[in-house]
Amino acid sequence: MQIDFIATPHKDTTTLVIFAAEGFSALHQGEYLSAADVAQLEKSLKINEFKGKKAEAQVFTAVGAYDRVVIIGLGKTEKLDALTIAEVGGAVYKVLAGLNVTAANVIVNTIEGNANTDAEIAGRIAYGAKLRSYRFDKYKTKEKDDNKKPKLEKLHIVVKEISAAQHYFEAKDAVAEAVFFARDLQNEPANVIYPASLAKAAKNALTPLGVSVKILGEAEMKKLGMNALLGVGQGSAHESQLVIMEYTGKGGSDAPLALVGKGVTFDTGGISIKPSANMEDMKWDMGGSAVVIGTIMALAKRRAKVDVVGIVGLVENMPSGTAQRPGDIVTSMSGQTIEVLNTDAEGRLVLADALWYCQKHHKPKAIIDLATLTGAIVVALGESTAGLFSNNDAMAAQIEKASKTVGEPVWRLPMNETYDKDIDCDFADMKNIGSGRGGGSITAAQFLQRFIEGDLPWVHLDIAGVTWAKKDGALVPKGATAFGLRTVEQFIRENFEG
Ligand code: BES
Ligand code: MN
Ligand code: ZN
């Protein structure tokens, strides 16, 4: 879908979108509708009991010169923050996509009692509409599906402050494009996206943007002693990979911020094999790596003044004659030994070496890792909210703030010595699962912390419950969400740029 900003409605469409806040105070968009039409619309809205609640929608046909007038609710004007406006934009897309139209003019006028400029409103509507317009339909080859395919091709945002709106949208569009790229990687099945193909996709997409991308294979990782990661991939026909992406928007002389992602391109559980029901969901187990790759893309596309290194550990966890066994003991790159009591607790093994490699080779000033790490986090927080773990209150608070701004909820869970002891082990330095039945997401986080040196600020986001969605959301259609990308991007924007 193409989005542009123009001063007066485009002639290529007779569909008009206008907004109405609760109590209709914003329905005075009379420059494109006659007073009589506005009065008629207000009357109809009343009859239909339209309240103007956020994302509430009504479609009227044959109004004045227009074939369709779509009215979208804004909610309470005093509650109209950046996120709400983007969500309203999502609703604009959703409603238009359900109509038989190829283009629409969206009228943005000053909303009274609200701090957003017209340009900001226009840009945010555009951003929300764009995020919501994502589709993954490349494998749908049959014609009959075309009926379901939205026909909307052009969204004209009609606003007075054109260049300011364009400028605002440009940076957001870079993020949206990166979100789409990450969602595509996540949505692809595991026969298409495996470690080497994922590494290549990252390299092909990021190199032209000026990101330096290095890919390590098994021989190189073996030399580095990354046996925790390699053990997970040793049952697979696909070679494990480590991808290192360096974006140096600030010149690269400072210590970078590091992003580390779990990239298990398919998680069967290995010899500790998972039940067959819903096993297909484990194609999403590379969600964290897609978010890391996508975040680097967003920063590079909008030329952020910041140095960031992204590292993703890519493996496929398969059972086979060469697979790792329960009880195997591996020596990680850090020198710490791990008894692998459950081959399905593989993400932490991958991250252990990726985190260590990151600290040894890049000396970051802080690390954020993203991983679909535990089923336990879904039990604890459900499918709307990611788990946050950290050794640093200030950084945790910064991530929480950014997550609120973009509408990707996170909730911090505790970490302490008691939980840490739970992974002490009789035969090695640690075991890869806890002893008890509860608190599985926390013991997983404690495991990761054993691979963080000293007090290096670190945040771990367990995105197992949120990396894909079973139903449509305000900004995300069902399927891959790229959850975490917009939070990390916002966190960087607020705390690391300049
Ligand atoms: N990839 C899974 C976690 C997961 C579960 C992600 C559900 C998304 C949805 C992870 O590798 C895993 O299998 N974790 C085990 C750990 C257990 C064996 C200690 C789990 O959560 O069951
Ligand atoms: Mn697993
Ligand atoms: Zn996994």
Side-chain angles (χ1 to χ4, degrees), residues 186-187 190 193-195 198 228-229 231-236 240 260-291 312-319 323-328 338-354 369-387 389 413 419 422-423 425 430-448 460-470 479-484:
Q186 293 175 335
N187 276 323
I193 284 291
Y194 47 88
L198 181 49
L229 184 153
V232 177
Q234 81 185 31
S236 170
S240 300
V260 176
K262 168 178 172 180
V264 177
T265 58
F266 197 78
D267 181 14
T268 63
I271 297 297
S272 313
I273 197 162
K274 287 180 181 296
S276 56
N278 302 318
M279 202 201 271
E280 67 275 12
D281 287 345
M282 286 302 113
K283 76 167 184 177
W284 312 106
D285 211 19
M286 37 60 74
S289 68
V291 168
V312 294
L314 309 180
V315 302
E316 185 182 51
N317 189 20
M318 296 293 267
Q324 165 159 265
R325 295 144 291 255
D328 282 6
I338 305 160
E339 187 181 20
V340 180
L341 288 178
N342 189 321
T343 64
D344 196 12
E346 85 296 339
R348 64 200 75 183
L349 300 169
V350 173
L351 288 173
D353 280 340
D369 81 69
L370 298 110
T372 47
L373 203 61
T374 66
I377 204 69
V378 194
V379 177
L381 299 176
E383 292 172 344
S384 65
T385 302
F389 303 83
L413 283 95
Y419 291 114
D422 204 37
I423 51 170
C425 173
M430 69 193 90
K431 53 190 180 187
N432 76 330
I433 51 173
S435 315
R437 288 208 302 145
S441 306
I442 306 177
T443 41
Q446 295 289 167
F447 184 98
L448 299 182
H460 157 57
L461 293 174
D462 192 337
I463 56 171
V466 294
T467 209
W468 82 93
K470 292 188 187 122
T481 62
F483 188 110

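Note that the structure is a prediction, hence the values are computed from the model and not measured. Nothing fancy with the numbering, it's 1 onward along the sequence. Just follow the structure's listing: the first ligand is 1, and inside any ligand the first atom is 1.
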Practice item. Go through Val340 and Leu349 one step at a time and tell me if the side-chain contact (heavy atoms from CB on, under 4.5 Å) criterion holds. Key: CA-CA 9 Å; Val340 180; Leu349 300 169; 4.1 Å; yes
Tell me, please: is [X] in heavy-atom contact with ligand 1, that is, under 4.0 Å?
X      : value
Asp344 : yes
Asp281 : no
Lys262 : yes

Proximal atoms of ligand 1 relative to [X] (non-hydrogen, under 4.0 Å):
X      : result
Thr372 : 1 (N), 2 (C), 3 (C), 6 (C)
Ile433 : 19 (C)
Lys274 : 12 (C), 13 (O)
Thr374 : 3 (C), 21 (O)
Asp267 : 1 (N), 2 (C), 10 (C), 11 (O), 13 (O)

Check your understanding: Can you name the N/O/S atom of Asp267 that is nearest the Mn ion (ligand 2)?
Key ->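 Closest N, O or S atom of Asp267 to the Mn ion (ligand 2): OD2.
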Point to revise | Donor-acceptor pair between Ser435 and Asp422 side chains, under 3.5 angstrom | key: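 Yes, side-chain donor-acceptor contact under 3.5 Å.
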Review point. Hey, are Thr268 and Asn317 close enough side-chain-wise for a donor-acceptor pair under 3.5 Å?
Key: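 There is no such pair between these side chains.
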If we ignore hydrogens and angles and just use 3.5 Å, is the side chain of [X] paired with the main-chain N or O of [Y] as donor and acceptor?
X      : Y      : result
Thr343 : Arg325 : no
Lys431 : Ile423 : no
Thr443 : Gly440 : yes
Ser236 : Gly233 : no
Asp462 : Leu373 : yes
Asp285 : Val264 : no
Glu316 : Tyr194 : no
Ser441 : Ile377 : yes
Asp281 : Lys283 : no
Thr481 : Thr467 : yes

Point to revise | Angle subtended at the Mn ion (ligand 2) by OD1 of Asp344 and OE1 of Glu346, nearest 10° | key: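 Taking the Mn ion (ligand 2) as the apex, the two atoms subtend 120°.
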Which residue and heavy atom of the protein sit nearest [atom], plus the separation:
atom                    : answer
atom 10 (C) of ligand 1 : Leu373 O, 3.3 Å
atom 11 (O) of ligand 1 : Glu346 OE1, 2.8 Å
atom 9 (C) of ligand 1  : Met282 CE, 3.6 Å
atom 16 (C) of ligand 1 : Arg348 NH2, 3.9 Å

**Study point:** ligand 1 N/O within reach of Ala464 N/O, cut-off under 3.5 Å
**Key:**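 Ala464 vs ligand 1: no N/O contact under 3.5 Å.
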Exercise for review: Please indicate whether any nitrogen or oxygen in Asn342 is less than 3.5 Å from any nitrogen or oxygen in ligand 1.
Suggested key: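 In fact, backbone or side chain, Asn342 has no N or O that close.
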Review point. Leaving waters out, which protein N, O or S atoms fall under 2.8 Å from the Zn ion (ligand 3)?
Key: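 Near the Zn ion (ligand 3), the protein supplies Lys262 NZ, Asp267 OD2, Asp285 OD2, Glu346 OE2.
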Practice item. Only one of Val232, Ile338, Asn432 passes side chain to side chain contact (heavy atoms under 4.5 Å, CB included) with Arg348; say which it is. Key: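 Exactly one candidate clears the test, Asn432.
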Check your understanding: Which of the listed options, Ala444, Ala345, Gly375, Gly465, holds the heavy atom that is closest to atom 20 (C) of ligand 1?
Key ->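 The residue whose heavy atom sits nearest atom 20 (C) of ligand 1 is Gly375.
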